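In this text the structure is predicted, and so the values were computed from the model without any measurement. We name chains A, B, ... by the order of the sequence lines, and we start the count at 1 in each one. For the numbers below, each heavy atom of this structure counts, side chains included, while hydrogens, waters and symmetry mates do not.
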Number of protein chains: 2
Amino acid sequence: MVEQTPQRKSPDRLDAVFHALSDPTRRLMLRSLAGGDRTVGELAAPFRMSFAGAAKHVKTLERSGLIRRTVRGRTHICRLEPAALANANAWFRYYARFWEQSLDALEAVLREEDAARGKPSRKARKLPQQKDRLNEHH
Amino acid sequence: MVEQTPQRKSPDRLDAVFHALSDPTRRLMLRSLAGGDRTVGELAAPFRMSFAGAAKHVKTLERSGLIRRTVRGRTHICRLEPAALANANAWFRYYARFWEQSLDALEAVLREEDAARGKPSRKARKLPQQKDRLNEHH
DNA sequence: GCGATATTCAACCACATGGTTGAGCAAACG
DNA sequence: CGTTTGCTCAACCATGTGGTTGAATATCGC
């Protein structure tokens, strides 16, 4: 039997957050919002799709809680809402515990950007014997 | 300019990864896998849905790259494949700095980013010239 | 061999999703 | 005032998704 979920604290918002993130258009919109608040029109502009189509994506982001919108006159200004992302990030952190061994391998991947060449430090992390992994760590 | 930064490594895998994570059943399966390798039957057992239904979820996880399966006899053993998760985690890392900016003192982040380049006061609100395409293929 | 086990596969269903178009509506502009 | 702007809404369509059932396919135990 599978234990009760680690996501019980943020009930089903995680579903919406991850779903929102699963679309490249919406990720790019978030990326744009990372540079500052944007109107729906500004968010929609870069995409080839219709305005209403892009506005749907904005609404999806809003429903997920990732962004918030304030109406000012006829323009709707969107801004990031970091709380929702924090939940998803917490999810990753939770699982990072279990995947710790592989996670420092992934750290290496992330650093590859900086240390792409230069040092062949190659930590040779013993390429884990998949037998005893993550059982001692809770 | 909108750089395609974090997604370029595994082109559309991010879509699949976030999509896989957007379902609570699949997240619970991942949680089970965090405790060790599992057969498809073991993964499916805790859920009230049909076996074939659960097996579909397993397949979705596999397609996303989050898990890998090795066939041994008639049983299929699934194990976590953290590399895919690494990309999603990298995505979070990338956006974390923008998020912090809206969370607390944005000047700190701006200083770290721009002071090195010598660009003084900066209004993040300014709309960048993103008229150029960022649609398609990210 | 036989039968039980572990799994995939195919067909099907209800419904959500991503996209379109066209209309409608409130606010800003001249 | 009327017209344009910014945006939502509703209808529609194609495809995808989560779920079912009923096979079919290997494999293990006897």
Fill in: Spacing of Leu30(B) atom CG and Leu21(B) atom CG [to the nearest 0.5 Å]
6.5 Å

Worksheet item: So which one's nearest nucleotide on DNA chain C is more toward 5', Gly41(B) or Gly53(A)?
Response: Gly41(B)

Worksheet item: Just how far, in rounded Å, is P of dA6(C) from CG of Leu43(B)?
Response: 14 Å

Under 3.5 Å, which N/O atoms of the protein pair with N/O atoms of nucleotides 11-18 of chain D?
residue, atom, partner, partner atom, Å
dG18(D), OP1, Arg26(B), NH1, 3.0
dG18(D), OP1, Arg26(B), NH2, 2.8

Fill in: Euclidean distance, Thr60(A) OG1 relative to Asp23(A) CG, rounded to 0.5 Å
8.0 Å

At a cut-off of 3.5 Å, list every protein nitrogen or oxygen paired with a nitrogen or oxygen from nucleotides 23-28 of chain D, distance to 0.1 Å.
residue, atom, partner, partner atom, Å
dT27(D), O2, Arg74(B), NH1, 3.0

Item to complete: Among the candidates dT7(C), dT21(D), dC9(D), find the nucleotide nearest to the side-chain atoms of Ala52(B).
Response: dT21(D)

Discussion item. Do Leu80(B) and Ile77(B) land in one hydrophobic cluster if side-chain heavy atoms of ILVMFWY residues count as linked below 4.5 Å?
Written reply: no

Practice prompt. Calculate the interatomic distance between Glu42(B) atom CD and dT5(C) atom P; express it in whole Å.
Written response: 16 Å

Worksheet item: Quick one: side chain to side chain donor-acceptor pair (under 3.5 Å) partners of His19(B), sequence neighbours excluded?
Response: none

Worksheet item: Reckon Ser50(B) has a side-chain N or O less than 4.0 Å from the OP1 or OP2 of dT20(D)?
Response: yes

Fill in: By salt bridge (Lys or Arg N to Asp or Glu O under 4.0 Å) - contacts of Arg63(A) (at least two apart)
none

Worksheet item: Side-chain contact, heavy-atom cut-off 4.5 Å: Met49(B) with His57(B)?
Response: yes

Item to complete: May I ask you to evaluate whether Lys59(B) reaches the phosphate of dT7(C), defined as a side-chain N or O under 4.0 Å from OP1 or OP2?
Response: no

Worksheet, complete the sentence: Rounded to the nearest 0.5 Å, the OG1 atom of Thr25(B) sits from the CG atom of Asp15(A) at a distance of 9.0 Å

Fill in: Euclidean distance, atom CZ of residue Phe51(A) to atom C1' of dG22(C) [Å, nearest integer]
15 Å

Practice prompt. Could I get the full list of side-chain contact (heavy atoms from CB on, under 4.5 Å) partners for Ala55(B), not counting sequence neighbours?
Written response: Val40(B)

Item to complete: For His76(A) and dA28(C), give me the distance from atom NE2 to atom P, rounded to whole Å.
Response: 11 Å

Worksheet item: What is the nucleic acid contact for Thr25(B), judged by heavy atoms within less than 4.0 Å: base, sugar-phosphate only, or nothing?
Response: nothing

Discussion item. Just to verify, what does Arg74(A) make a side chain to side chain donor-acceptor pair (under 3.5 Å) with, not counting sequence neighbours?
Written reply: none

